[in-house]
Amino acid sequence: MVTLRYFKGLLVLDVYAPGAKWSDELKAYITYAYKYAEVKKYFRSEGVDIQDYVFDNTPPFPSIVDEIKLRDYQFEALRSWILRGKRGVIVLPTGAGKTIVALKAIASLRESTLVVVPTIDLMHQWANSIREILKADVGEIGGGVDKVSGITVITYDSAYTRAEELGNKFFFVIFDEVHHLPSEGYSLMAKMYAAPHRMGLTATPEREDGKHIMYPDLVGPIVYRKGVEDFAGKYIASFDIKKVYVKMTEEEERKYKELRSNLKKFLEKRNLTLRSLDDFNRLVRLASKDKEAREALLAWHESLKIAVNSKAKVDKLKELLKEFKDEKIIIFTRDTQLAYDLSKLFLIPVVTYKTSKDERKEILEKFRKGVYRVIVASTVFDEGVDVPDANIGIVLGGYGTKRQYLQRLGRLLRGKDKNALLIEIITKGTADYKLSKRRSYIS
DNA sequence: TTGACTCAACATCCTTTGCTACAA
DNA sequence: TTGTAGGTTTCCATGTTGAGTCA
């Protein structure tokens with residue numbers, strides 16, 4: 001006979017199970033709560049009777065209406081998730097209806113459910129979908145709201161800070177934009193929830209730091225995967241990607257070369273290389289206590305800025321805005337400064353993290369209605385924001401990540417009627433070219 | 001309730017396009 | 001030709017967000 005209990009994110013057992021540790025404080029064996037299903041399975045296989053007191057005060061599942069009709073691939077995704085023990089990550093491109101798959105899962109399982117999302121915006125979007133599609137009463141936790149219900153939407157931050165208290169209240173947890181989960185704090189949060197049923201949703205599972213290998217442990221393996229290329233022209237818009245190359249001005253080139261050579265000289269002098277991310281991190285560490293290293297790193301920052309924001313890009317943009325003078329366009333930049341400069345130069349509205357919530361809402365609304373035809377944004381629209389359809393995206397600068405690239409592309413693919421076009425303007429022969437090469441999704 | 005503020009957490013950050021560099 | 005990769009860690013910058021505090 002074994003007794004299972006929950007205590008502040010931990011699973012407490014009075015009999016040893018593989019992976020559990022003895023706690024002198026609790027006078028029992030403990031492991032993180034997410035091992036609940038595994039531990040139970042172990043004792044069952046050993047033929048041990050289980051007294052299970054883990055889940056307590058779980059909010060009752062509300063009454064719902066289930067009239068959801070899934071598309072073939074959505075059905076496939078859900079089926080393969082169920083077959084893998086109701087655990088795992090579903091990868092679908094933006095606009096392919098990940099939410100619908102999750103709502104169907106909620107409707108099928110009918111267990112107390114927690115939906116974890118990265119932003120308040122997404123929290124509202126999910127809550128609305130649950131109300132409208134499942135006709136269910138929905139709880140929300142985050143952004144000053146605190147209402148628990150049998151289906152509750154919560155931010156990652158709140159799920160983290162309230163994990164001890166909420167960890168044994170939900171049998172089913174859905175992690176939206178699950179690529180956030182492997183970070184240090186959030187992965188700990190995932191471990192503190194006992195939920196045996198887990199679903200991760202994302203369009204871009206891979207992380208730059210390689211921590212996506214943590215999915216099988218935290219949520220389950222990738223159980224279904226489709227990319228934009230599988231759906232283009234069918235459920236989402238078909239699209240073209242165009243790369244336009246420009247050259248820096250002489251002045252920019254002189255400055256760029258000077259900065260790069262400063263960096264190179266420093267590296268040679270110290271017998272360092274900059275070939276991997278580790279090399280780069282070494283330089284960063286060095287820069288925290290070494291003046292020369294700091295200057296070298298600043299030279300690197302500055303040179304990158306020159307290449308990414310070159311004047312020739314702005315000139316090219318001017319041409320493109322003329323060429324596509326009747327289309328709805330979003331311009332993406334890397335720096336906020338360039339975003340503001342473009343806004344002034346072309347008299348177009350700008351959105352960055354400095355833009356107030358109200359103003360952002362107003363700009364997006366006017367863009368939706370067609371009052372504004374062109375808007376410029378820094379990296380704010382890369383995720384989780386419900387950006388109205390545009391059919392042309394012009395990338396002036398960004399990170400070297402496929403994630404950002406795909407998210408930005410996703411902004412153009414919501415409607416399937418029009419052909420979308422993503423134009424990338426790249427400064428030839430510079431680090432900007434490198435970044436573009438790295439993110440290029442057809443590698 | 002709001003708005004302005006601060007703080008903490010998270011993410012990116014690498015290769016002069018192209019194939020590592022070196023010791024045993 | 002072949003095999004193997006120096007921290008023992010807490011961060012130069014900038015961008016972005018959620019939460020908490022206080023008026």
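Small disclaimer: the values here were computed from a predicted structure and weren't measured. We name chains A, B, ... by the order of the sequence lines, and we start the count at 1 in each one.
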Smallest separation among heavy atoms of [X] and [Y], with atom names:
X: A/Tyr405; Y: A/Arg439; value: CD1-CD, 3.6 Å
X: A/Gly142; Y: A/Ser158; value: CA-OG, 3.7 Å
X: A/Asp335; Y: A/Ser378; value: O-CB, 4.3 Å
X: A/Ala190; Y: A/Leu218; value: CB-CD2, 4.2 Å
X: A/Val219; Y: A/Gly200; value: CG1-N, 3.8 Å

[X]/[Y] ion pair, N-O < 4.0 Å:
X: A/Lys265; Y: A/Glu268; result: no
X: A/Arg5; Y: A/Asp56; result: no
X: A/Glu365; Y: A/Arg368; result: yes
X: A/Glu165; Y: A/Arg162; result: yes

TODO: Using heavy atoms and a sub-4.0 Å distance, could you list which residues of residues 287-306 of chain A are near DNA chain C? By number, please.
DONE: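 Of all residues in residues 287-306 of chain A, the ones placing a heavy atom under 4.0 Å from DNA chain C are A/Ala287, A/Ser288, A/Arg294, A/Leu297, A/Leu298, A/His301.
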TODO: For DNA chain C, find the residues of residues 359-368 of chain A with a heavy-atom distance under 4.0 Å and give them by number; none if there aren't any.
DONE: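 Result for residues 359-368 of chain A: A/Arg360, sorted by number.
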Decide whether [X] and [Y] meet the rule of one side-chain donor and one side-chain acceptor closer than 3.5 Å.
X: A/Thr352; Y: A/Tyr340; result: yes
X: A/Glu140; Y: A/Thr152; result: no
X: A/Gln407; Y: A/Asp382; result: no

TODO: Would you kindly compare A/Tyr256 and A/Asp358 by the position of their nearest DNA chain B nucleotide and give the one closer to the 5′ end?
DONE: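 Its nucleotide being nearer the 5' end, the pick is A/Asp358.
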Task: A/Lys428 vs A/Glu208, nearer the 5' end of DNA chain B by closest nucleotide - done: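 Taking each residue's closest nucleotide, the earlier one in sequence belongs to A/Glu208.
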Under 4.0 Å, counting only non-hydrogen atoms across every strand here, what does [X] touch: a base, just sugar-phosphate, or nothing?
X: A/Gly429; value: base
X: A/Leu435; value: sugar-phosphate
X: A/Leu277; value: base
X: A/Gly144; value: nothing

Open item on the list: What is the separation between atom CZ on A/Arg282 and atom P on C/dC11, rounded to the nearest whole Å?
Closed with: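 Result: 17 Å.
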Open item on the list: Rounded to whole Å, please give me the gap between NZ in A/Lys264 and P in B/dT15.
Closed with: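 So the two atoms are 12 Å apart, to the nearest Å.
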[N] versus [M] - spacing of their [atom1] atoms, nearest Å:
N: B/dG18; M: C/dT10; atom1: P; value: 34 Å
N: B/dT15; M: C/dT9; atom1: P; value: 27 Å
N: B/dC14; M: C/dC11; atom1: C1'; value: 16 Å
N: C/dT4; M: B/dT16; atom1: C1'; value: 28 Å
N: B/dC13; M: C/dG15; atom1: P; value: 14 Å
N: C/dT16; M: B/dT12; atom1: C1'; value: 12 Å

- [ ] Quick one: look up who B/dT12 pairs with, Watson-Crick or G-U, both distances under 3.5 Å, and put none if it's unpaired.
- [x]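 Its partner is none (no Watson-Crick or G-U wobble pair with both distances under 3.5 Å).
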Task: Opposite nucleotide pairing with C/dA13, Watson-Crick or G-U, both atom distances under 3.5 Å - done: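 Its partner is none (no Watson-Crick or G-U wobble pair with both distances under 3.5 Å).
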Is there any protein nitrogen or oxygen under 3.5 Å from a nitrogen or oxygen in nucleotides 20-24 of chain B, and what are the pairs?
none

- [ ] For the side chain of A/Val284, starting at C-beta, report the closest nucleotide among C/dC11, C/dT16, C/dA19.
- [x]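 Among the listed nucleotides, the one closest to the side chain of A/Val284 is C/dC11.
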Open item on the list: Please determine whether any donor N or O and acceptor N or O are separated by less than 3.5 Å between the side chain of A/Tyr433 and the base of B/dT17.
Closed with: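 Pair found.
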Open item on the list: Taking only side-chain N and O atoms of A/Thr155, does any of them lie within less than 4.0 angstrom of OP1 or OP2 on C/dT17?
Closed with: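 No, because none of the side-chain N or O atoms of A/Thr155 sits under 4.0 Å from OP1 or OP2 of C/dT17.
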- [ ] Mark yes or no for whether A/Arg225, through its side chain, and A/Ile222, through its backbone, hold a donor-acceptor pair below 3.5 Å.
- [x]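 Here the side-chain-to-backbone pair does not exist.
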